[in-house]
Number of protein chains: 2
Amino acid sequence: MADVARLAGVSSQTVSRVSNGFPGVTEDTRRQVLAAMRELGYRPNSAARALKRGEFRTLGVITFSLSTMGNIRTLEAIATSAAQHGYAVTLLPVAVPTQDEVNGAFSRLGELAVDAVIVIMEIHLLDAATVSLPPGVQVVVADSDAGDRYTVVDTDQAGGARDAVRHLLDLGHDTVWHLAGPEGSFAAQRRANAWRDTLTAAGRVPPPLVRGDWSAESGYRAGLRLADEPDCTAVFAANDQMALGLLRALHERGLRVPGDISVIGFDDIPESASFLPPLTTIHQDFAEVGRLCVEGVLSKMRQDGEGHGTTLVPTRLVRRESTGVPGRDRRGEESRPPFLPDA
Amino acid sequence: MADVARLAGVSSQTVSRVSNGFPGVTEDTRRQVLAAMRELGYRPNSAARALKRGEFRTLGVITFSLSTMGNIRTLEAIATSAAQHGYAVTLLPVAVPTQDEVNGAFSRLGELAVDAVIVIMEIHLLDAATVSLPPGVQVVVADSDAGDRYTVVDTDQAGGARDAVRHLLDLGHDTVWHLAGPEGSFAAQRRANAWRDTLTAAGRVPPPLVRGDWSAESGYRAGLRLADEPDCTAVFAANDQMALGLLRALHERGLRVPGDISVIGFDDIPESASFLPPLTTIHQDFAEVGRLCVEGVLSKMRQDGEGHGTTLVPTRLVRRESTGVPGRDRRGEESRPPFLPDA
DNA sequence: CCAGTGGATGTTTACGTAAACATTGCCTAG
DNA sequence: CTAGGCAATGTTTACGTAAACATCCACTGG
């Protein structure tokens with residue numbers, strides 16, 4: 001900086017003013033300084049800057065190895081949104097979702113150049129961890145509940161699940177089976193609860209819950225079981241991957257979708273439009289979740305925020321070809337090639 | 001730090017020594033300092049640290065919005081591997097893959113707290129950009145060629161494509177059609193070139209190349225065309241998503257896979273094991289790519305490295321049920337339900 | 001008994017920046 | 001014509017750390 005000042009014939013403070021876009025600098029002087037900066041290839045040293053300003057302009061994101069598409073989309077939106085606010089994003093990967101690993105990530109965080117943290121994680125792993133949070137570091141949590149203890153931004157899981165169930169009921173199905181996510185997942189739990197509540201509210205009897213683990217493989221196994229349930233005409237899968245496996249199993253058993261069984265997913269991953277048949281599903285707006293995480297954490301930083309609360313991002317039903325009116329009893333009536341989209 | 005020193009009854013320098021694990025501190029003193037650190041909740045200030053040391057212990061990763069699964073896996077591996085070396089990872093998202101955006105990312109980079117950069121990007125967007133790289137910032141590129149100008153780590157695209165084609169030829173197919181990725185992509189180009197070369201080397205005539213854009217939707221459209229090619233008994237899709245769309249199109253046209261047409265993909269995304277039928281594909285080791293990127297950039301930093309070169313990460317053929325011996329002429333011969341896995 | 005040695009610890013300083021305060025010089029109002 | 005004010009710019013200082021150097025002290029060997 002001193003070199004630039006010398007070359008431009010000004011003081012280093014003036015260089016600082018120019019590089020930060022502060023007022024009170026003649027247009028002439030500004031130009032000269034900029035020229036000198038270019039000539040010397042000057043780059044402000046961000047370490048010194050952070051030291052002086054007391055902030056890093058950086059957000060940390062803690063997440064399990066980018067396993068699910070939802071986390072990835074959210075992360076992407078966080079990065080983009082942070083960049084728009086002049087913030088960088090530092091990744092804090094947690095290899096395996098154990099309490100130890102999470103604690104480790106949080107303690108590393110203390111020495112990390114980060115002003116605030118966004119956690120994409122189930123809440124129950126967070127409790128013991130946050131005690132070691134450096135004071136003044138704000139936290140926003142995505143993919144969780146517990147809005148009373150943290151600021152939470154999440155997809156409206158319950159609303160989406162409700163829409164999925166209602167869609168199938170509206171089509172005329174007596175009831176809807178549910179292929180749930182793993183027990184440990186709050187998202188899975190909330191979707192399952194909303195599924196049960198919606199059925200009950202509509203005066204239907206919820207069938208036994210079928211448990212998967214988010215993977216297509218687990219959906220396949222569940223599908224083999226469901227294929228043997230003669231009463232099953234409609235399945236709400238807790239995510240699109242499991243729906244994919246489900247479709248494969250039903251297909252192998254010679255069941256038509258949606259002719260014999262309607263299937264609806266959750267997430268709306270890009271591939272789901274190309275499943276066999278294209279999957280009706282609940283679209284999640286991960287970009288919005290990420291954006292709100294950044295807004296939330298920045299606003300908390302500004303007002304040293306105390307207020308916690310949950311922001312829900314609405315979902316949207318995307319109707320494709322895997323859902324239709326009930327008709328399993330018609331099985332075998334027609335001889336059209338199976339799985340041809342009804343449309 | 002001064003407070004800790006006072007509480008522990010030592011000098012700040014001794015605190016520094018303890019916090020950096022330097023030798024020359026009595027076990028007694030160390031314990032006292034550590035106790036004081038805990039009591040005061042001391043965290044070393046990473047800005048001051050970076051300022052003093054002249055390095056940030058941080059790697060920047062520039063990539064287009066985490067669009068493809070490959071990039072994500074690579075990023076994940078980079079983050080993990082960097083953490084093991086005591087480095088953090090900062091994300092530099094590029095919204096749209098235009099030269100302007102890339103230049104912007106690189107110029108922001110100059111002010112960013114980053115010691116080195118890993119670029120996950122097609123090379124041709126890099127050329128004009130790197131001129132603005134701060135001196136001393138090393139670069140490693142994934143997903144590209146141009147090993148003569150940069151250090152490059154990439155999947156062995158050509159080797160994988162060759163294995164895919166050979167697998168189908170070995171099964172007895174006369175030739176192999178190719179559903180390629182978009183023209184702008186070097187990965188797509190190299191896979192297509194290797195496909196053509198392998199066929200030529202085997203004395204076969206390469207059929208006309210079919211172009212997609214990586215999406216399942218484009219694979220579907222291509223599939224509708226290929227279904228009308230009576231000579232087509234084997235297709236090598238340049239990625240699994242396009243293979244997915246391809247499978248759907250063939251299915252709609254009543255063609256069995258692999259009975260009538262064999263399909264092989266590239267990438268081995270997790271879902272491909274649950275396609276209809278499960279997809280034979282070329283597995284990419286993104287974790288290894290990411291790891292090598294980190295190793296490469298760190299070693300370049302240590303030796304102020306000049307040497308460029310390309311490191312290729314081998315692929316692996318994953319045989320599932322979408323490939324088999326040729327048999328399109330047998331169409332209609334049997335009445336078994338289509339798409340049941342042959343095994 | 002003393003010089004010499006080496007380990008443990010303290011003191012000084014500089015890293016690059018920006019806030020706070022100081023100075024300069026020009027313009028305007030009285 | 002001059003005091004006062006304000007815009008432009010310069011000077012000083014501190015941010016928290018760690019390298020370099022300085023000091024202290026206990027112990028060893030002659």
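Numbers restart at 1 for each chain; the letters A, B, ... are given by sequence-line order, proteins then strands. When reading the values below, keep in mind they use all heavy atoms of this one structure, side chains included, and skip hydrogens, waters and symmetry mates.
Checked against dA19(D), dT11(C), dG16(C), the side chain of K52(B) finds its nearest nucleotide in dA19(D). Picking from dA8(C), dA18(D), dT17(D) the nucleotide with the shortest atom distance to the side chain of T26(B) gives dA8(C). Distances from the side chain of T14(B) to the nucleotides dA19(C), dG10(C), dA8(D) place dG10(C) closest. Residue V10(B) places its side chain closer to dG10(C) than to any other of dG10(C), dT9(D), dT17(C).
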Practice problem: Report the C-alpha distance between V18(A) and V10(A) in whole Å, list the side-chain angles of each, state the deciding distance to 0.1 Å, and finish with yes or no for side chain to side chain contact (heavy atoms under 4.5 Å, CB included). | Solution: CA-CA 11 Å; V18(A) 170; V10(A) 298; over 6 Å; no
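The interatomic distance linking R17(A) (CZ) with dA8(D) (C1') rounds to 8 Å, in whole Å. Atom CG in L51(B) sits roughly 13 Å away from atom C1' in dA18(C) (whole-Å rounding). Rounded to a whole Å, the CE atom of M1(A) is 13 Å from the C1' atom of dT13(D). The interatomic distance linking N20(A) (CG) with dA18(C) (C1') rounds to 7 Å, in whole Å. The nearest whole Å value for the distance from the CZ atom in F22(B) to the C1' atom in dT9(C) is 15 Å. If you measure from atom CD of E55(B) to atom P of dA19(D), you get 10 Å, rounded to the nearest angstrom. Distance Q13(A) CD to dA7(D) P: 17 Å, rounded to the nearest Å. Atoms CZ (F56(B)) and C1' (dC15(C)) sit 11 Å apart, rounded to a whole Å.
Of the possible donor and acceptor atoms, one in the side chain of S185(B) sits under 3.5 Å from a partner among the backbone N and O of A187(B).
No engagement by S12(B) is indicated, since no non-hydrogen atom pair under 4.0 Å with the nucleic acid exists. Counting any heavy atom pair closer than 4.0 Å across all strands shown, S16(A) reaches a base atom.
Between R49(B) and the phosphate of dA18(D), there is a side-chain N or O to OP1/OP2 separation shorter than 4.0 Å. The shortest distance between the side-chain N/O atoms of S19(B) and the OP1/OP2 oxygens of dT17(D) is not below 4.0 Å.
When all heavy atoms of Y87(B) and E55(B) are compared, the closest pair comes out as OH-OE1, 4.3 Å.
In terms of polar N and O atoms assigned as donor or acceptor, the side chain of R43(B) never comes within less than 3.5 Å of the base of dG16(D) in a complementary pairing.
If you run side chain to side chain contact (heavy atoms under 4.5 Å, CB included) between T311(A) and each of V289(A), T151(A), D156(A), L292(A), only L292(A) comes through.
A donor-acceptor contact under 3.5 angstrom links the side chains of S19(A) and R49(A), judged on distance only.
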